[in-house]
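Letters go in sequence order (proteins before strands), and every chain restarts at 1.
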Amino acid sequence: MINQYEMVIGLEIHAELKTQSKIYCSCSTQFGSDPNTQCCPICLGLPGTLPILNEKVVEYAIRAGLAMNCSIATKTKQDRKNYFYPDLPKGYQISQYDQPLCYEGYVEIPLKKGTKKIGIQQIHIEEDAGKLIHTKEGTFIDYNRSGVPLIEIVSKPDLSSPQEAKQYLERIRMILLYIGVSDCKMNEGSLRCDINVSVRKKGDIHYGERTEIKNMNSFSYAVKAIEYEAKRQMQVLEEGKTIIKETRRWDEKSQCTVPMRKKEEAEDYRYFPDPDLPYIYISEEQIERIKESLPELPNEKKQRLMSTYDINGDDAELLIANPKIGQFFEETMMYFSNSLMAVNWIMGEGFRLLAEKDKETEIFPFTAMQFAEFLQLIEDETISNSIGKKVFEKMWNAEESPSHIVERYGWKQISNPQELESIIHEVLSQNQKSVEDYLSGKKVASKALMGQVMKKTKGKANPRKANEILKKRLKEKIS
Amino acid sequence: MSLEKEELKAIAEMVQIEMTKEEEEIIQKDLKCIFKLMDDQLQKIDIHKELKPMVSPCTHPNRLRQDKVQYFEEKEELLGALPMKNGYFYVPNVL
Amino acid sequence: MCQMYYKIGEKMYKKTMMELKKLLDHREISSVELIKEYLNHIQQIDSKINPYITLQEEKILFQLAQKSDQKRREGKHGILEGIPISIGDDICTKGIKTTGDSRILQSFIPPYNATAVERCIQEGAIVVGKLNIPEIGTGSFCSEIEETSFVLGSDREGELRQSAYFCGRFALKPTYGRVSRYGLMSIASSFEQIGPMTKAIDDMDLIMKMIGGVDDKDPTTFSEPWITLQKETSLQNIKMGIPIFSKDIPCDFFIQEQIQKIAKQWNALGAIVNEIDFSALAYAPLVNQILTSAEASSNTARLDGIRYGYRTPKYKSIEELYQKTRQEGLELGLKEKILFGAYVLSSSHYEDYYIKAQKLRTLLVDACKQIFQDYDVILMPVVPFEIGNKKEGKSIVTKYQKNIYTSMANITGLPAITIPTGYRLEGHPFGFQLMSSSYQEQLLLKMASVYESKILSKRK
C-alpha cells in the first residue's frame with residue numbers, strides 16, 4: 001500500500017532571535033527568569049501602549065533570508081492575526097501576512113546520493129506569545145516570553161520523506177547557528193516547528209488534504225510523527241474515507257498523533273495591516289551591507305572543504321555540523337597535509353573521547369598544532385597506529401606535546417632496520433617450531449612470529465617494517 | 001447583506017462577547033439598518049480594482065529602535081491589578 | 001507671599017489658561033489658592049451633572065500646588081506651572097484611575113502617563129481630574145467644564161470637536177501624527193489624535209507647542225515643527241470653500257442658514273468664500289463606520305479580564321471568563337462597534353467591506369487634495385442635525401450620520417478646528433468647523449484668532 005503513495009511535507013519553523021530586547025519593547029529576552037519579571041505595559045498589552053520595532057530583529061531576519069537564498073522585500077508591513085488565547089496579551093499577534101520580509105528562497109539538503117533543493121516560500125518576523133503551564137488548579141501564565149522576536153521560516157511542500165524533513169530541520173538549524181541569529185535550543189523552545197503532512201497517489205498532481213502537527217520540539221519526534229501521520233492518512237484513504245483537515249500533536253507515550261482539542265481549524269484570524277506600525281523600507285545598501293557581513297555558510301563550507309582538502313561528502317557533513325571541530329580541522333591542515341588521516345582521527349578516537357570525557361565542550365583540549373604534530377609522528381612512523389591511540393588519550397590530560405609524551409613513555413617505534421634485524425634474528429632462533437610450521441606451508445605461522453616480535457619489543461616494533469624483514473628472512477630460509 | 005442571528009452569534013463568539021437576548025435584538029436591528037445604508041451607497045459607486053487601499057494617513061516610514069534593554073520600574077503597579085499566584089497570572093485550566 | 005489682586009466676582013475657573021498663567025507668573029495668586037477655588041467650585045456642582053469621572057484626591061492636589069509654589073519661589077517653574085488641567089478619561093494618567101469611559105476598566109490605574117500628559121506635567125501643569133468627553137459631546141455637562149483651564153481629549157470621529165461645539169469652546173484635532181498617541185486608549189488607531197479644548201486661541205497655541213512633536217514611543221508621529229501663532233488682523237485673500245448641501249450631504253436647514261451667516265462674516269473679514277463640490281463627504285460615514293469598527297474590534301481584544309481591569313465574578317472555564325467579562329464590562333455601543341468590525345474583517349466579507357472602505361479612503365484623501373489645490377480652508381458645520389434626546393444620540397445609526405462632517409478630518413488625517421460663534425442656538429452654544437491641508441494648523445489658528453478678536457470679543 002505504502003508504495004502507491006507519496007508523502008508531501010511542508011515545515012513551518014519558528015526560531016527565537018537572540019536579540020537583547022524584545023521585538024516591540026525594551027524588556028529583556030533572557031531565558032529562565034522568574035515569571036512576569038521581564039514585562040512592561042507594552043508586552044502585557046495594557047491599554048494605550050504602542051509597539052516600537054527593534055531594528056536588530058529586521059537585521060537578523062534579513063540575514064536569515066540572505067543565508068537561505070531569499071529575495072528581500074524593499075517595502076514590507078506588519079499585520080495583525082486576531083484570536084483569543086490567554087498567552088496572547090493583546091488578543092492579536094503582530095506578524096506578517098502577505099508582504100513578508102523575505103521570500104522565494106531555498107535550502108540545499110544532502111541526500112544519500114547528491115543533494116535536493118527545498119524551496120522556502122517566505123521568512124517573516126513576528127512576536128512570541130507568553131508561556132502557559134497547565135495544572136489541575138488552573139492554567140498559569142508567564143508573559144516573560146510574550147514579545148520575544150521570532151522568525152517563521154515557511155517551506156514549500158517540497159519534502160518527500162521524514163528523513164528529508166530531518167535533514168531540512170538540521171540544515172536550517174545549522175544555518176541559523178552559523179549566522180548567529182538564534183541559539184536554536186529546541187529544549188528551551190528557541191526552535192520549534194509545525195509540520196504539514198499530506199499524501200497522494202504517486203503521479204497525482206493534486207495535493208491531498210493536509211493535517212498540521214503542531215509544536216514539535218524534538219527532531220526525532222518530528223520524524224516519528226511524520227511517519228505515523230503519513231501511514232495513518234494512507235490507511236484512511238485506503239478505507240475509502242476522507243482526511244479531515246485538522247490540527248494534531250505528537251503523543252510520545254502512545255507513539256501516535258492525536259487531534260488537538262483547541263478549535264483552531266475553524267479560526268478566522270481576520271488579518272489586517274497593523275495601523276500602529278508604518279511601512280518598513282529596506283534599502284539596497286542595507287541588504288548589501290548585511291550580505292557582506294555573512295560568514296561562510298554550511299553548504300559553501302562543505303564544498304570548499306571537499307575541494308580544498310579532498311575529503312568526501314559524509315566527512316565534510318560531519319565537519320560542518322560541528323563548526324568548532326571544522327575550524328580545528330582546517331587549522332590542523334595548516335601544519336599537516338594528509339586530510340583523510342586527520343579526519344579519521346577526529347571522527348574516530350576524537351569523537352569517542354570527547355563523548356567520554358567532556359560532553360559539554362565541543363572542542364579538543366589541545367591545539368591544532370599539537371594535533372598536527374601527533375599526526376606527523378604516525379605518518380613518519382615514529383609511532384605505530386596502536387601506540388598512537390595511547391598517545392592521543394594522554395594528550396587529553398597532559399600539558400605536554402605529543403613528542404614529549406612519546407619520549408616520556410618511551411613509545412618510539414623501533415624502525416631502525418639493523419635493530420629490527422637483530423630482534424627478528426633472535427625471535428626466529430627462539431621460535432624454531434613456528435619457523436618449521438611456516439616452512440612446512442603453514443603461512444599463518446608468520447603471524448605468531450610477528451606476535452613474538454611485538455611481545456619482545458613491547459609493541460614498539462614498526463609493524464610494517466618488521467613484517468617486511470621477517471618475510472625476507474623467512475624467504476631466505478626456504479631457499 | 002442580511003445579518004441573521006446565526007451569523008451574529010458566530011461573530012460574537014469570534015470576539016468573545018456573550019450578548020443578552022435584549023442586546024441581540026437591538027444589535028441585530030441596528031446592524032441591519034447600517035448595512036442597508038452602506039450597501040445602498042456601495043452599489044452606486046464603482047471602485048476601481050487598481051485603486052490602492054489606504055491603511056493610515058501616516059506617510060513616513062517606520063522608525064525603529066535600538067536593541068537595548070530597559071527595565072520597567074513600577075512593577076507593583078504593573079502587576080497588582082488582578083490576583084496572581086506565585087508570580088503567575090492564572091485562569092481556569094485551558095485544556 | 002501672594003495677595004489676591006483680581007476683582008471680586010471674577011471667577012478663576014472662568015479664566016483662560018493664559019490669563020491664569022499671567023496671574024500666577026505675576027504672583028497675583030498662588031497655586032494653592034487657585035486649586036482651592038477650583039475645588040470649591042467643583043464641589044458645588046450638582047453631582048448629577050458632574051462631568052468628572054475621577055477627581056484627584058484633594059490632599060494630592062494641594063501637595064502638587066504647594067510644590068508648584070515652591071518651584072516658583074526658587075525660580076525653577078515650568079511654562080505651565082500650577083495650571084489646573086483636565087484630561088479625557090481614555091488618556092492614561094499615572095496613578096489616576098483611567099476608565100476609557102467603560103465598565104471594563106472601572107478600576108484601571110495606569111502605571112504610566114500618556115506622552116501628551118507627561119509633557120504638560122513636566123512643565124508644571126496639575127491634573128485635576130478625568131472627564132467623559134464623548135458624553136459631553138452628546139450635549140451634556142456643557143457649561144460645567146468651565147472649572148478646567150483646558151482639556152486634553154481624544155478625537156476619533158469628531159468627539160472632541162463636537163464637545164467643544166456644545167460647550168462654546170475651541171477644539172483642535174491636529175494633523176494625524178502631530179501628537180503622540182502613546183497612552184491614548186486605542187479604539188481606531190489610524191483615525192485618532194489627542195487635541196486641546198480651550199477657551200482661547202492663545203491657550204491652544206501654547207498647549208500644542210507643549211504636547212506635539214516626535215515621540216519615540218509612537219512611530220506614527222512626525223517631525224514637522226509647530227509654527228507658533230502669529231497674530232494678523234487681516235486674512236489677505238484666504239480662499240474658503242463651503243460644501244454644497246444635498247440629499248447625500250445633509251444638513252438641517254437652520255444650520256445651513258447659520259453657515260451662510262458665518263460665511264458672510266468671513267467675507268467681511270477678507271476671505272474669498274465660494275461654494276465647492278465636496279461630494280466625497282457623502283462617503284465619509286461609510287468609510288468611517290467600516291474602518292473605525294474594524295480597528296476597534298481588534299484594539300479592544302486586549303480587554304479580557306486576565307491582566308487588569310474588570311473580571312466577571314463567576315466563571316468555570318476560560319470561555320466563560322472571557323465572554324462574561326466582556327458581556328458585563330463593555331457598553332452596548334462598543335459591543336455593536338466590535339461586532340460590526342469583526343464582521344467586516346471576517347474572511348467572507350473582507351473584500352466587500354474592509355478593502356472597499358480602504359480604497360474609498362484613498363479616494364477621499366485625493367478628493368481633499370484636489371480641493372486644497374484651489375482653496376486654503378473648508379468651512380463646514382460640526383454636526384448636520386440636532387440630536388433630540390440623549391438615548392437617540394448614542395444609537396449607532398445616529399452616530400453614523402452625525403459624524404459626516406467631523407469624520408472627514410479623521411479619515412484623511414487633516415487638521416480641523418471647532419470655533420464657537422459666541423451665541424446660543426437650540427439651547428446650546430453654536431459653532432462651526434474649519435479644515436485645512438496637512439500640517440497647516442497655524443492657518444487654522446490664525447483664522448480662529450482673527451474670528452476671536454474681531455467677532456467673539458465683540459459679543460462678550
At a heavy-atom separation under 4.5 Å, does [X] approach chain B through its side chain, its backbone, both, or neither?
X: C/L414; answer: neither
X: C/F222; answer: both
X: C/K94; answer: side chain
X: C/Q401; answer: side chain
X: C/I306; answer: both
X: C/Q289; answer: side chain
X: C/S317; answer: backbone
X: C/T221; answer: both

Tell me which of these, [options], has more heavy-atom pairs under 4.5 Å with chain B than the rest.
options: C/D218, C/L360, C/D216; result: C/L360
options: C/R311, C/E295, C/K335; result: C/K335
options: C/F340, C/Y315, C/Y308; result: C/F340

Quick check: closest heavy atoms across [X] and [Y], and the distance to 0.1 Å?
X: C/A342; Y: B/I11; result: CB-CG2, 3.6 Å
X: B/K49; Y: C/K359; result: O-NZ, 3.0 Å
X: B/E77; Y: C/P111; result: CB-CB, 3.7 Å
X: C/L321; Y: B/V91; result: CD1-CG1, 3.9 Å
X: B/E18; Y: C/Q327; result: O-OE1, 2.7 Å
X: B/R63; Y: C/D215; result: NH2-O, 3.6 Å

Chain C contact via [X] - side chain, backbone, both or neither, heavy atoms under 4.5 Å:
X: B/I26; result: both
X: B/Y90; result: backbone
X: B/M38; result: both
X: B/L51; result: both

Exercise for the section: Quick one: pull up CG in B/L78 and CZ in C/R307 and give me the separation to the nearest 0.5 Å. Expected result: 10.5 Å

Completion exercise
Value for CD (B/E23) from CG (C/L330), rounded to nearest 0.5 Å, stands at 9.5 Å

Exercise for the section: Would you check, one step at a time, whether the test side-chain contact (heavy atoms from CB on, under 4.5 Å) holds for B/V15 with C/R326? Expected result: CA-CA 9 Å; B/V15 288; C/R326 287 162 69 77; 4.3 Å; yes

Exercise for the section: May I ask you to list the residues in residues 280-288 of chain C that approach chain B closer than 4.5 angstrom, counting heavy atoms only, ordered by number? Expected result: C/A282, C/Y283, C/L286

